[in-house]
Every structure is written in C-alpha cells, then in structure tokens.
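Report on the structure given below.
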Amino acid sequence: MIRKIVTLLFLPAIFLLPSCSNHVSKSRKKKEIVIFPSPPDTARVQFLTSFSSSENTIGKQSMVSKFIFGEADPKPIKKPYGIAVHGGKIYICDTGIGGLEIVDLKKNTFEYFVPPGKGQLKLPLNCAVDDDGILYVADGQRRQVVIFDSSGNYLSSFGEADNFKPTDVFIAEGKIWVSNILGNKIEVYDKTTRQKLFRFPEAEKGKEYFLYSPTNLFVTADKVYVSDMGDFKVKIYDHSGKFLSAVGSNGKNPGQFVRPKGIAVDQESNLYVVDAGFENTQIFNRDGKVLMFFGGPYKERPGDMWLPAKVAIDYQNLDHFLKFVDPRFDLKYLIFVTNQYGPDKVNVYGFIEHKK
C-alpha cells in the first residue's frame, strides 16, 4: 500500500502561498480524469467529484415532485468547515447557516439541520457521530460541545467555565476527546457521564509537546493526533497524554506546513493533513515521512481546493462513487475534503490501485 511509496518530488510552484487574486469563482465542468501524483508516477489518488448543494448530491427535482409540491430551490452548502461520515450519512458543519447539512446516501436525501432552542448552534466547527448515531458538535462561538440524538433532538451540552473554545471533537474508547484551542489542551470526558477525566499536555510554552493552537484531532486505537496550527506541526500522544513524536515544521518544502488544520488517519496508519495555506492535503506514512500531496490552489482545475478545512476518510460508501472511478483502477476508500470558498464546497477523492 501507500506506505511503501518512495517520497515524491513536489513542484515548487505548488507551495507558493496563494493569494485571493489567484482564485476565480466561475464554476466549470469536470470531464477529464484527474490523478495524483501526475504521470509517470504511480497513481494513488483520483479526484472523483464534488458537490455544493442538494442539486448535485441528490439530483434535480423530478417532474412529479414539482407537480405535487411545487418547484423547490436547491439547498446550497454555504461555508463548510468540518465533515464526518457515518452510517451512510455525510455530516457537514456549515458556519454559513449556523448548522449542518446531512446527506443520506442510502435514502438520497439532503437536509439542513438547524436546531432551535437549547440546541441552537452558533459556530459549528466540527462534529463526530458515535455508534449509536448520537451527534456531537464542537461549537466555537457557543464554546460548548452540543449533543443530539440520532433523530436530531437536543440531549445536552457541556464545556468549561474558563479558557474553553472547542474546535474539534472525536469519540473513541468510551471517551469524548475535545481540542480546546483557547486552553491549549486536549480535554477528555467520559462518554456516558460527560464528566472530565483528564487533560493534556501539562507543559509550558517552549516545550516540544506544548500545544499552541490545537485545531483538530484524530484518535486511533493507540494514538491521539493533534494538528497544532500555532506550531506548524501535527503532534502525536498516547491515550494517557504522553507525547510520542511530531510531524512537520514551518516552511514551504515537502512535509512542512503553513496552516495545518483537518487531519485523518487511514487503516494503514497513514496521516492525512489539510493545509489551508498550501490549499492541499499531504500524506505521511506511519514513520512521519511525507509521501505525496493532492489538491492545490483553486485555478478552475478539477480537484483544486479553496481554503480547505477538514479531511475525512470513508471505507463504507464506495458503491455510491464507483461510477466516477477510472476503469483502470480499483477504489480502496474515499477521501472527503471541505472547501470554505469556491464552487466546490466538498471535494471527493478516491484512494486507488491499478487493477491486477
């Protein structure tokens, strides 16, 4: 698999910081096959499609529906940030609507989730869904993690009285893991009681394992990965909060970052890191060695990114996207990346291998 790839050379131009003048807002058709890295290197990631509204997820309204219910306007995705995929559904945190879009791939539906009352969301940055379908939303303006049941009903919320601004949430090992950018910590709570268990790291500024701006996190069976935008690194801890290692540094070369945000880890322990400065996603192997990148500043090319924020990996919903895969390849898993701006609000890529 991908961890066996030899480090690929990056084109220097890709790593020039993008300016707003480089971006255009025109939409374009995506007909050509876009593969990363480009030939003659071994193909690993294919851009499959993108969606930005109900119309290009569930399709146009049928004539029968128009006749019975009247013509309905497409529901746009306005300013997506976080994304999670679970149980055949895609959950998109949209700071532009103060809620989420929920795309049900099985039922072919697209719905806004903008809860009222105690569940009202103000700045939903990231979310997670547990095995019971319970939704956890990290709200940076409300400064709480807000919890809803599988039907969208408000259950509860929690947060700290001081120095607390949640930017991401993850459910693993019977615990709720929260990145607290204001308190420079990862806060860990019991999933059942929602009582705090511990926090980490306990370190002063200047220490290697101190978190300057922890924006996103991902928890595996034995590790906690944290993107520290303030230190231009992804820092790795064990489940007790002991620092293990770090990936990246500040710079414009392969393996370096400018604004690291969303992260994900695949089943081969490869680390995916979205960089809002480079406007791409870099892939590192389990040893922290950079393998390749995909995406790039938006220039009307299929697969380009425009201020990307989050990456999510999905092994369960391949059938819904097989029609976009080049017939020379087998699709191994899906990679979703959100773009806060531009015509393509959610890009969908596939990790691919040549057919045998």
Is the closest side-chain heavy-atom distance between [X] and [Y] below 4.5 Å?
X    : Y    : answer
P166 : N180 : no
K310 : V274 : no
Y154 : P115 : no
Y237 : I186 : no
F164 : E187 : yes
K233 : Y212 : no
L48  : L334 : yes
L100 : L121 : yes

[X] atom [atom1], over 12 foreign heavy atoms within 6.0 Å:
X    : atom1 : answer
D131 : CG    : no
E202 : CD    : yes
Y341 : OH    : no
K355 : NZ    : yes

Apply the test side-chain contact (heavy atoms from CB on, under 4.5 Å) to residues S213 and D228: give CA-CA distance (whole Å), side-chain angles for both, the deciding distance (0.1 Å), then the verdict. CA-CA 5 Å; S213 298; D228 188 351; 4.1 Å; yes

Give a yes or no on whether [X] and [Y] share a hydrophobic cluster (residues Ile, Leu, Val, Met, Phe, Trp, Tyr; joining criterion: side-chain heavy atoms under 4.5 Å apart).
X    : Y    : value
V129 : I313 : no
V273 : V219 : yes
L155 : V169 : yes
F198 : I176 : no
L322 : F324 : yes

Test R301 against F47 for side-chain contact (heavy atoms from CB on, under 4.5 Å), laying out the working first. CA-CA 10 Å; R301 300 169 301 195; F47 171 70; over 6 Å; no

Does [X] have any salt bridge (Lys or Arg N to Asp or Glu O under 4.0 Å) partners at least two apart in sequence or in another chain, and if so, which?
X    : answer
E208 : none
R328 : D326
E160 : K196

Between N126 and Y81, is the side-chain contact (heavy atoms from CB on, under 4.5 Å) condition met? List the steps. CA-CA 7 Å; N126 282 290; Y81 200 93; 3.8 Å; yes

Provide the closest heavy-atom pair for [X] versus [Y] in the form atom of the first, atom of the second, distance.
X    : Y    : value
R142 : G119 : NH1-C, 3.6 Å
S240 : D238 : OG-OD1, 2.7 Å
P260 : T215 : O-OG1, 3.6 Å
E279 : M305 : O-CB, 3.5 Å
V224 : F200 : CG1-CZ, 4.1 Å
T220 : Y225 : CG2-CE1, 3.7 Å

Rounded at 0.5 Å granularity, tell me how far [atom1] in [X] sits from [atom2] in [Y].
X    : Y    : atom1 : atom2 : result
D231 : F210 : CG    : CZ    : 9.5 Å
N347 : I335 : CG    : CD1   : 11.0 Å
T42  : F36  : OG1   : CZ    : 15.5 Å
F351 : F294 : CZ    : CZ    : 10.5 Å
I35  : D41  : CD1   : CG    : 12.5 Å
I134 : S156 : CD1   : OG    : 9.0 Å

Under the side-chain contact (heavy atoms from CB on, under 4.5 Å) criterion, do F113 and L135 qualify, and how do the steps go? CA-CA 11 Å; F113 178 65; L135 172 66; 3.9 Å; yes

Classify the angle between the aromatic ring planes of [X] and [Y] as parallel (below 30°), tilted (30 to 60°) or perpendicular (above 60°).
X    : Y    : answer
Y112 : F110 : perpendicular
Y315 : Y333 : tilted
Y189 : F158 : tilted

Qualifying side chain to side chain donor-acceptor pair (under 3.5 Å) pairs with a residue from residues 166-176, counting only residues at least two apart or across chains: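 Applying side chain to side chain donor-acceptor pair (under 3.5 Å) to every pair that reaches into residues 166-176, excluding sequence neighbours, yields T167-S179, D168-N216.
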
Quick one: does [X]'s side chain have a donor or acceptor within less than 3.5 Å of a partner on [Y]'s backbone?
X    : Y    : answer
S52  : K345 : yes
N184 : L211 : yes
Q282 : G255 : yes
K323 : H320 : no
S151 : N153 : no

Side-chain donor-acceptor pairs of residues 82-99 under 3.5 Å, sequence neighbours excluded:
| from | atom 1 | to | atom 2 | distance (Å) |
| --- | --- | --- | --- | --- |
| H86 | NE2 | D130 | O | 3.3 |
| D94 | OD1 | K79 | N | 2.8 |
| D94 | OD1 | G96 | N | 2.8 |
| D94 | OD2 | K78 | N | 2.8 |
| T95 | OG1 | K79 | O | 3.2 |

Using side chain to side chain contact (heavy atoms under 4.5 Å, CB included) as the criterion, list what pairs up with Q141, not counting sequence neighbours.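 Q141: side chain to side chain contact (heavy atoms under 4.5 Å, CB included) contacts with K122, L123, D139.
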
